[in-house]
Amino acid sequence: MQKFKALGISNEIIRALNEMGFEEPTPIQLEGIPVLLEGKDLIGQAQTGTGKTAAFGIPLIEKVKKHPGMVQGIVLTPTRELAIQVAEELNRIGQFTEIHALPIYGGQDIQRQIKALKRHPQIIVATPGRLMDHMRRGTIKLQDTQMVVLDEADEMLNMGFIEDIEQILSTTSDERQTLLFSATMPRPIQNLAQRFLHDPALIKIKAKEITIPLVEQHYMEINDRQKFDVLCRLLDIQSPELSIVFGRTKRRVDEVSEALKKRGYSAEGIHGDLTQSKRDAVLRQFREGIVDILVATDVAARGLDVSGVTHVYNFDLPQDPESYVHRIGRTGRAGQPGLALTFVISRELEHLHSIEQTTKRKILRMPVPTMADAVEGQQRLTVEKLLNQVEEGNYDHYKGRAEELLTEMDSVSLLAAALKMLTKESHSTPVKITEELPVRVRTYGGNRRPSNAKKVVPKITPRNNSWKY
DNA sequence: AAAAAAC
């Protein structure tokens, strides 16, 4: 925290950073914050997860607070979800100040937004289309805007927002401070920078640092018909805390999420054809862990920062290397390890290879897990779930399964735990299990995996980042 | 070719 203080950040914000668990500034914060506090324009080549939002958010809030009233800061993002996420982070950074950030995006009731705007948030985080809508209606005026942040500028370019962005920038004062963040710097983005930024500082997080070092990357060669069953197997075996399954189309996302739900997984789909309120709700549930598998199109590929995402499954190979990098970047965040696993059908192997070359990272082949692997994984999960229930004192629901398991378990402590569970009244004191719990259980009908069988699929263990079943 | 984004 001393290092944050040394950057010249005010006490209220330091206090908020403390509460948010920030310890040391990331490279982009260390370099960017002083430059921005000085008032310079900035081009930042970095992704989220590098602490980018705080890098512009801290100076933004510092600057804004001295001039209460009108809209003084604008952040533009390519997707609606990102607008919500960035606004939330800004509000956390500014929680001990009088500064408020409001997300403004399409698909949400505009009257509701107009009402919220009457409370005069100093910062607006918006997708371009809806912001333009408000500008035309006169419900947002940008004359007093002192800082404009273009977040994920290359993606906004891809989505055809460049003209909107130019128009928005032209509406604001030339005195404004302009920040442009982009993972890549294609020609049109360079032109934009040249036209609208004045003598910008350049901060580049090198390519090596852009690819996420803590994400283990694997692929599995598989045919299309097997994909769903194998996904279920993997979910059982690897038991992710939270996971994202990326599909190629909206339709595909619907199919996979429905099928997962039918099999009893806690999954929800998200894509651009859903109503915005549904999208907001799904993402909220996912963040809270109410839903633990998010099935998504590339709408969720960029910038989304959800803590606890231990696994990303590319159910379908992404179209381009850029999309691949963004998708797998949803895990391995904030220094936590993550696993990215990509399903590849044989004719796509070459495409996978080109992704490998572009990202300059080896994607390791992983064999399809056997049925025995799956059975064992499933049982381990069931036992773990059961034991959690025992700890929490909710026995009734698991009674039947527990009785079944009693005949299968070869571990004395598991047996004892389950016995306790079955003999306790449902309202009695929960059993506290403190001993190390063995997780191996005997498989059905003596159908053990032969000792010479391959046993290879790594399971992610966040504690030590080692790979084993 | 698909996805995203304003009504």
Side-chain angles (χ1 to χ4, degrees), chain A residues 47-48 74-87 102-114 117 124-140 142 150-168 171 182-184 186 188-189 224 244-257 269-280 282-283 294-304 312 314-330 342-343 345 347-348 351 354-355:
Chain A
Q47 302 176 309
T48 36
I74 292 285
V75 182
L76 294 175
T77 66
T79 69
R80 298 165 178 180
E81 278 72 15
L82 218 47
I84 298 169
Q85 176 179 297
V86 170
L102 180 71
I104 288 289
Y105 52 92
Q108 197 188 42
D109 179 34
I110 198 152
Q111 290 308 326
R112 191 178 138 189
Q113 290 179 353
I114 290 170
L117 283 165
I124 300 285
V125 186
T127 48
R130 182 55 74 90
L131 177 61
M132 300 267 290
D133 195 349
H134 278 287
M135 285 160 62
R136 273 192 291 269
R137 287 165 188 257
T139 44
I140 292 180
L142 299 184
L150 310 175
D151 201 3
E152 310 264 350
D154 49 354
E155 188 56 16
M156 292 201 278
L157 167 79
N158 290 343
M159 288 160 69
F161 285 151
I162 281 291
E163 282 178 24
D164 290 357
I165 291 170
E166 286 175 358
Q167 199 173 329
I168 291 165
T171 311
S182 197
T184 59
I189 296 291
D224 202 65
I244 305 179
V245 178
F246 281 105
R248 194 173 49 86
T249 64
K250 294 182 258 200
R251 177 91 185 271
R252 185 83 152 167
V253 164
D254 283 336
E255 285 164 7
V256 175
S257 63
I270 189 164
H271 59 65
D273 274 359
L274 302 176
T275 65
Q276 192 56 41
S277 62
K278 175 73 179 166
R279 280 165 62 167
D280 293 353
V282 166
L283 204 58
L294 184 71
V295 188
T297 58
D298 277 336
V299 69
R302 283 182 183 253
L304 273 199
V312 166
N314 285 319
F315 196 81
D316 299 307
L317 190 68
Q319 303 285 331
D320 48 82
E322 222 173 277
S323 166
Y324 176 85
V325 172
H326 284 291
R327 285 182 182 188
I328 70 167
R330 298 317 98 213
T342 301
F343 288 168
I345 57 181
R347 66 163 182 276
E348 293 170 338
H351 187 23
S354 77
I355 289 177

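Each chain gets a letter, A, B and so on, in the order its sequence line appears, and its residues count up from 1. Everything numeric in this text was worked out from a predicted model, so none of it was measured. In what follows, every heavy atom counts, from backbone to side chain, and hydrogens, waters and symmetry copies are set aside.
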For A:S323 and B:dA3, is the shortest distance between a side-chain N/O and OP1 or OP2 below 4.0 Å?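 No, outside the criterion.
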State whether A:R80 places a side-chain N or O below 4.0 Å from either non-bridging phosphate oxygen (OP1 or OP2) of B:dA4.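 So the side-chain polar atoms of A:R80 never come under 4.0 Å of the phosphate oxygens OP1 or OP2 of B:dA4.
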Regarding B:dA6, can its base be found pairing with the side chain of A:R137 as donor and acceptor, where the two atoms are less than 3.5 Å apart?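 It does not, because no donor-acceptor pair links the side chain of A:R137 to the base of B:dA6 below 3.5 Å.
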Without decimals, in angstroms, what is the distance between [X] [atom1] and [N] [atom2]?
X: A:I168; N: B:dA6; atom1: CD1; atom2: P; result: 10 Å
X: A:L283; N: B:dA4; atom1: CG; atom2: P; result: 14 Å
X: A:R327; N: B:dA3; atom1: CZ; atom2: C1'; result: 10 Å
X: A:D154; N: B:dA4; atom1: CG; atom2: C1'; result: 14 Å
X: A:R251; N: B:dA4; atom1: CZ; atom2: C1'; result: 20 Å
X: A:M159; N: B:dA2; atom1: CE; atom2: P; result: 17 Å
X: A:I140; N: B:dA6; atom1: CD1; atom2: C1'; result: 13 Å
X: A:E322; N: B:dA1; atom1: CD; atom2: P; result: 20 Å

Which nucleotide wins on minimum distance to the side chain of [X], given the candidates [options]?
X: A:T297; options: B:dA5, B:dA3, B:dA2; answer: B:dA3
X: A:K250; options: B:dA5, B:dA3, B:dA2; answer: B:dA3
X: A:E81; options: B:dA6, B:dA5, B:dA3; answer: B:dA5
X: A:T79; options: B:dA3, B:dA5, B:dA2; answer: B:dA5
X: A:R248; options: B:dA6, B:dA4, B:dA2; answer: B:dA2

Does the side chain of A:Q167 pick up a donor-acceptor pair with the side chain of A:D164 at under 3.5 Å? no
Among side-chain atoms of A:S323 and A:D298, is any donor-acceptor pair under 3.5 angstrom? yes
Could you tell me which residues satisfy side-chain hydrogen bond (donor to acceptor under 3.5 Å, both in side chains) with A:D316, sequence neighbours excluded, listed by chain and number? A:K227, A:R252
State the CD1-CD1 distance between A:I74 and A:I124, to the nearest 0.5 angstrom.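 So the gap between those two atoms works out to 5.5 Å.
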Using a cut-off of 4.0 Å on non-hydrogen atoms, how would the nucleic acid contact of A:R252 be classed: base, sugar-phosphate, or nothing?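 Result for A:R252 = nothing.
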Any base atoms under 4.0 Å from A:G107, or only sugar-phosphate, or nothing? Heavy atoms, all strands.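 Sugar-phosphate, backbone atoms only, no base.
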Tested for side-chain contact (heavy atoms from CB on, under 4.5 Å) against A:L294, the lone hit among A:V312, A:V245, A:V253, A:V282 is A:V282
